[in-house]
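Sequence lines set the chain letters: A, B, ... in the order given, protein chains first and strands last, and positions in each chain run from 1. The model shown is predicted, which means the values in this text are computed figures rather than measured ones.
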Amino acid sequence: MLDIKLLQNDFESVCAKLRIKKVDENLLEQMRTLSLNLKEKRKELEELQAKQNAKSKLFGVYAKEGKDIKELQEELFGYKQQTNLANAGVKVLEGELEKIASIIPNIPDPDVPAGKDENDNVELKKVLTPPVFDFVPKEHWDLSLDWLDFERGVKLAKSRFTVLKNDGAKLARALINYMLDFNAKRGFREVSVPYLANRETLYGTGQLPKFENDLFKIDGEDLFLIPTAEVPVTNLFRDEILDINDLPLMMTCYSECFRKEAGSAGRDTRGMIRQHQFSKVELVSITTPQQSDAVFESMLTCASDLLTSLGLAHRHLLLCGGDLGFGAAKTIDLEVWFPGQNRYREISSISNTRDFQARRAMIRYRDGKKNRLVHTLNGSSLAVGRTLIAIMENYQKADGSVGIPEVLQPYM
RNA sequence: GGACAGAUGGGUGAGUUGGCUGAAACCACAUCCCUGCUAAGGAUGCGUACUCGUAAGGGUACCGAGGGUUCGAAUCCCUCUCUGUCCGCCA
């Protein structure tokens, strides 16, 4: 959620910043007008209520003293009608404002490059060099290892579901355990959370109300399958006021993630790149505004080092404004090298949402006497499925077998 | 799923013959005083949001959520949600 005061006081600069996120300026203008209007109406209502309250108190006193109440009662009745009317007006405005405010995306950081789409993202650096093969490397679905069973995944559920078998299943489990241990050493505490979340939770992190179509909803319940562990883990502290001394809170969480992938029909239909269900180890941090840049760096480093430790060549990509997600002020994607596809592909995404989610979810910390909004950050440690196939493709040998990265061997 | 019970501030927990209760008391917490240290003791402060004000300090709303009755509701009525206990079922 946008800071409404910022919109009221600094309209032009907010507009300018949201222009690269393709936000309709009329909507912002509407939001500003609405909020100013609401403020005024609210003031009127409160003044009415104050008068009404004062008179109402008199009523009790009069009654006790045996004074005549008739006239006062009529006066109060008049107030009542006025406040009811004013109150109804305020509620309407509140509803309208909420409706708009809830779908306006976050403001990009100043260092986010302008740009339209993924083609305008900026490569910050490359880590490790892609392996050189003396044969033509295969794509993971062509490696005949009997690790991935696409057909039976479809049989059990539908397309974009995959069954892991044998060392494939084992490797996925090894990766999860390895990542959690790796993150723990970097100071991230492990949590395990529900895979179903309610509306408030999904609102808090920004999936609702705008992206309901991307979520699997449980029939007959007001619950959704989580699209990422970011949702429950960040919301752990919804409606709470944290002790400043407990910050930053740094957590890591393994979960399954469920996405409808609406709008990506036809894309990555082969293989395990794009699934309706996938495993991911996530990093989530809750910080003070002062700490958030440093924590962002350490999350990024953590994810990048993890890839390095697995011997996987990757690059850091600073997302441009147009490619930035709804809640993110800044995002750096990690893309890993896929020899079979001969290109880098996203495997991790680290975002700072600043106070955007905090305002929605009302996550605050006490700073002396003041309660302030925290900053929330999230990032994939790594997507497990994509890491698995990255290992398959990068560690493949001429005979079709696949090596296991050294650090994972104790976990197999 | 069946039968009861309950939902009040960081916690415990008063308040349910409607006004003096945004909320007692205790605990926790913060600052200060006292004590050689510790323990104990004393004083003061201590919900959230919005809003007016340089500030001190005001105003409004909130006692699970939403609606209703009333001049006035934490207190009465309705709906919903959640929690607890017992029974059934179950990893």
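Rounded to whole Å, the distance from CG on Asn245(A) to P on A30(B) is 10 Å. A straight line from CG of Asp367(A) to C1' of A30(B) spans 15 Å, rounded to a whole angstrom. Rounded to a whole Å, the CD atom of Glu240(A) is 14 Å from the P atom of G9(B). At whole-Å resolution of the value, CG in Asp246(A) and C1' in G10(B) are 13 Å apart. The CD-C1' distance, from Glu94(A) to U60(B), rounds to 12 Å in whole Å. Between Glu44(A) atom CD and G59(B) atom C1' the separation is 15 Å, expressed in whole Å. Distance, Leu38(A) CG to U60(B) C1': 13 Å, rounded to whole Å.
Side-chain contact between Met31(A) and Ile4(A) is present, with at least one heavy-atom pair separated by less than 4.5 Å. Contact of the Met362(A) side chain with the Asp239(A) side chain is registered, since non-hydrogen atoms from C-beta on lie closer than 4.5 Å. In this structure, the side chains of Leu306(A) and Tyr178(A) come closer than 4.5 Å at one or more pairs of heavy atoms.
Using Watson-Crick or G-U wobble geometry with both donor-acceptor distances under 3.5 Å, U44(B) finds its partner in A30(B). Both distances falling under 3.5 Å, in either a Watson-Crick or a G-U wobble arrangement, occur for no nucleotide opposite U16(B). Pair check for A73(B) finds none; no Watson-Crick or G-U wobble contact set falls under 3.5 Å. The partner of C37(B), taking Watson-Crick or G-U wobble pairs whose two distances both stay under 3.5 Å, does not exist in any strand shown. In this structure A49(B) sits in a base pair with U60(B), meeting the Watson-Crick or G-U test at under 3.5 Å. When both pairing distances are held under 3.5 Å, G6(B) makes a Watson-Crick or G-U pair with C82(B). If you check A91(B) for Watson-Crick or wobble pairing at under 3.5 angstrom, you find it has no partner at all.
In the model, Ser351(A) has no side-chain atom that pairs as donor or acceptor with a side-chain atom of Asn378(A) under 3.5 Å. A donor and an acceptor atom, one from each side chain of Glu393(A) and Tyr395(A), are nowhere located under 3.5 Å apart. Between the side chains of Glu282(A) and Ser255(A), no donor-acceptor pair of N or O atoms lies under 3.5 Å. Side-chain atoms of Ser35(A) and Gln8(A) include a donor-acceptor pair closer than 3.5 Å.
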If you restrict it to nitrogen or oxygen atoms, what contacts under 3.5 Å exist between nucleotides 74-82 of chain B and the protein, and what is each distance?
none

Polar atoms only, N or O, under 3.5 Å: list the protein pairs with nucleotides 48-55 of chain B and their distances.
{"residue": "U48(B)", "atom": "OP1", "partner": "Arg366(A)", "partner atom": "NH1", "Å": "2.9"}
{"residue": "U48(B)", "atom": "OP1", "partner": "Asn371(A)", "partner atom": "ND2", "Å": "2.9"}
{"residue": "U48(B)", "atom": "O3'", "partner": "Arg364(A)", "partner atom": "NH1", "Å": "2.7"}
{"residue": "A49(B)", "atom": "OP1", "partner": "Arg364(A)", "partner atom": "NH1", "Å": "2.7"}
{"residue": "U51(B)", "atom": "OP2", "partner": "Lys5(A)", "partner atom": "NZ", "Å": "3.4"}

All N/O pairs under 3.5 Å across the protein-nucleotides 70-73 of chain B interface:
{"residue": "C71(B)", "atom": "OP1", "partner": "Gln73(A)", "partner atom": "NE2", "Å": "3.3"}
{"residue": "C71(B)", "atom": "O2'", "partner": "Ser56(A)", "partner atom": "OG", "Å": "3.3"}
{"residue": "C71(B)", "atom": "O2", "partner": "Ser56(A)", "partner atom": "OG", "Å": "3.4"}
{"residue": "G72(B)", "atom": "O4'", "partner": "Ser56(A)", "partner atom": "OG", "Å": "3.3"}

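With P as the reference atom, U69(B) and C26(B) are 40 Å apart, rounded to whole Å. Using C1' as the reference atom, G22(B) and G47(B) are 9 Å apart when rounded to the nearest Å. For A65(B) and A56(B), the C1' atoms lie 37 Å apart once the distance is rounded to whole Å. The separation of A28(B) from C86(B), taken at their C1' atoms, amounts to 34 Å, rounded to a whole angstrom. Atom name P, nucleotides G64(B) and A14(B): the rounded distance is 15 Å, in whole Å. Separation of the C1' atoms belonging to U70(B) and G18(B) is 9 Å when rounded to the nearest angstrom. A gap of 35 Å separates the P atoms of A91(B) and A7(B), to the nearest Å. Spacing between U60(B) and G72(B) at atom C1', rounded to whole Å, works out to 16 Å.
Lys91(A) comes within contact range of the sugar-phosphate backbone alone, with a heavy-atom separation under 4.0 Å but no base atom that close.
Cation-pi check for Arg32(A) over Phe11(A) is met; the charged atom lies under 6.0 angstrom from the ring centroid and within 45 degrees of its normal. In this structure, Arg360(A) is positioned above the aromatic face of Tyr203(A), its NZ or CZ under 6.0 Å from the six-membered ring centre and within 45° of the axis.
Residues Cys15(A) and Leu28(A) share a closest heavy-atom pair of SG-CD1, 3.8 Å. Across Ile226(A) and Pro232(A), no two heavy atoms sit closer than the pair CG2-CD, 3.8 Å.
Atom CG of Asp367(A) is separated from atom CD1 of Ile241(A) by 12.5 Å, given to the nearest 0.5 angstrom.
In this structure, Phe258(A) has its ring center at least 6.0 angstrom away from the ring center of Phe216(A).
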